[in-house]
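Only one structure is covered here, and it is reproduced in the block below.
Values reported hereafter were calculated over all heavy atoms of this structure, with side chains retained and with hydrogens, waters and symmetry mates removed. Sequence lines set the chain letters: A, B, ... in the order given, protein chains first and strands last, and positions in each chain run from 1.
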There are 2 protein chains.
Amino acid sequence: MNIKRAYHQYCGLASALDVLGERWTLLIVRELLLGPRRYSDLLADLPGLGTNLLADRLKFLVDKGVIRQCLSRPAYELTEAGALLRPVVLDLTRWGFGFTPDKSTVDAVRPRWGFLAAETRLRAEWAGDVDEDYEFHVDDEVFRFEVRAGQVQAAAGRAPGQATVVATADAVTLVRLGSGQMTAADALAAGELTISGPTDAVQRCRRLLDLA
Amino acid sequence: MNIKRAYHQYCGLASALDVLGERWTLLIVRELLLGPRRYSDLLADLPGLGTNLLADRLKFLVDKGVIRQCLSRPAYELTEAGALLRPVVLDLTRWGFGFTPDKSTVDAVRPRWGFLAAETRLRAEWAGDVDEDYEFHVDDEVFRFEVRAGQVQAAAGRAPGQATVVATADAVTLVRLGSGQMTAADALAAGELTISGPTDAVQRCRRLLDLA
DNA sequence: CTGCATCCGCCTCGATACTG
DNA sequence: CAGTATCGAGGCGGATGCAG
């Protein structure tokens, strides 16, 4: 059980795949990108993943230093090394949109996958020198972008204070937007995406997320 | 055989992994990053990969539009969609260097993996407004960076014309450099890396590849 | 020899049942 | 709730066969 299959290649990519290459592993990382999650949450959001396999993967990732158990709560979170995977996951997600078919009934959808699709459109260089939060209400869950000093942070949950802008959409719409199957203009016109708040802040939010 | 295991998630990352997530797939893409390669080359450079599995993977990637058979030669090459994976592969490689152990005798090494490690250090924003080629002689193979109008292209083989700079190193040294196990200064001092050419061009080459 | 296809043993995966 | 134990099915790895 401890003898894992490895590529045994002296190469960074092979090393990365020795850690992340097995089935479900990168999807578990994706689930943790927006903050800590519990075992049962992961299991519920990854249909088809067996409970034994989830336990194996979590143990392995903890051992590799990609994730860790939270100190305060019974949950898992990314370590600093794991958080470095965010650009990789976003790049891969963008690339994968070229292969995402139209929503079929057999496909599962989750609010955070929609929010992740929104994040793939994030152009951090447009983060103005403002201090504001943009909330995304996706189906029944809430996420946010925190803009601070030209940096943008994505996380689950409501904004700490009052959000400057509140966007509302369902997950399918956000994935359609991210994959280019639908334009922001169309989604807004159809009422499938709403962005409310002060006009100038809404403009900044739309520019930041390429929702022109 | 045609019923492949898929995640059935409406998410770009899951779509990407449905294409790239199986064993060996991304390593095959890596092998094609520097130009077309033949079936037997791939087999030789991917020890442990069975011949049937390589045939399956190639067929699958052709079907997905990530690679294609060359028209002129009996070889496979990346399509435009496949070439878009370059930043993903480079990012993953960089990340994986954090998990690359010191060279052990059981690990395979290939010249192009060394060159890839060099490319992970490429900072295209430092590509000056020059027209020159930097050749890398890695073990018994030759690769090059072509700098043209602020863009950099990496490929296998000698430079079309006369290379402005010629760097020489073995693959292990380049992976050590890429993974931060060794500094360029140390490699140069030890003679494990040599960079020859006009002084100013050598400087540009070193700056471009963070070999200060 | 190159470019695969076939066969076989093993290990991983996925589902279910069970436990602290 | 958070895992562990078990087991059938299928993907994987290695050896071999075979056509061009």
Is there a side-chain polar atom (N or O) of S40(A) under 4.0 Å from OP1 or OP2 of dC1(D)? no
Return the value, rounded to whole Å, for the distance between atom CZ of R38(B) and atom P of dC4(C). 11 Å
Could D45(B) and R30(B) be called an ion pair, given the rule that one side-chain N must be under 4.0 Å from one carboxylate O? no
When the distance from CG of L43(B) to P of dT2(C) is rounded to whole Å, what number comes out? 10 Å
Take the C1' atoms of the five end pairs on each side of the helix from dC1(C)-dG20(D) to dG20(C)-dC1(D), get both axes, and report the angle to 10 degrees. 30°
Modelled atom types, side-chain donor and acceptor of T183(B) and D186(B), under 3.5 Å: yes
Each nucleotide in nucleotides 13-20 of chain C should get exactly one letter: B, S or -. Can you fill that in based on protein heavy atoms under 4.0 Å? SBBB----
Once you round it to whole Å, what is the distance between C1' of dC1(D) and CZ of R37(A)? 15 Å
Distance flag, aromatic centroids of F136(A) and F115(A), threshold under 6.0 Å: yes
SB check E141(B) R158(B) (cutoff 4.0 Å): no
Whether R176(B) engages the ring of F97(B) as a cation-pi pair (distance to the six-membered ring centre under 6.0 angstrom, angle to the ring normal within 45°) should be assessed. no
Grab the CG-P distance between L58(A) and dG3(D) for me, whole Å please. 7 Å
Taking only the side-chain nitrogens and oxygens of Y39(B), find out if one of them lies under 4.0 Å from OP1 or OP2 of dA5(C). no
Within this structure, what is the CG-to-C1' distance between L54(B) and dG11(D), rounded to whole angstrom? 16 Å
Electrostatic pair R123(A):D210(A) at N-O distance under 4.0 angstrom: yes
Salt-bridged, E119(B) to R121(B), with N to O below 4.0 Å? no
For D56(B) and dT6(C), what is the distance between atoms CG and P respectively, to the nearest whole Å? 10 Å
K59(B) side-chain N/O to dG3(C) phosphate OP1/OP2 under 4.0 Å: no
Can E31(A) and W24(A) be counted as having a side-chain donor-acceptor contact under 3.5 angstrom? no
To the nearest angstrom, the CG-C1' distance between D41(B) and dC4(C) comes to 15 Å
Residues E22(B) and R5(B) bridged, charged N to O under 4.0 Å: no
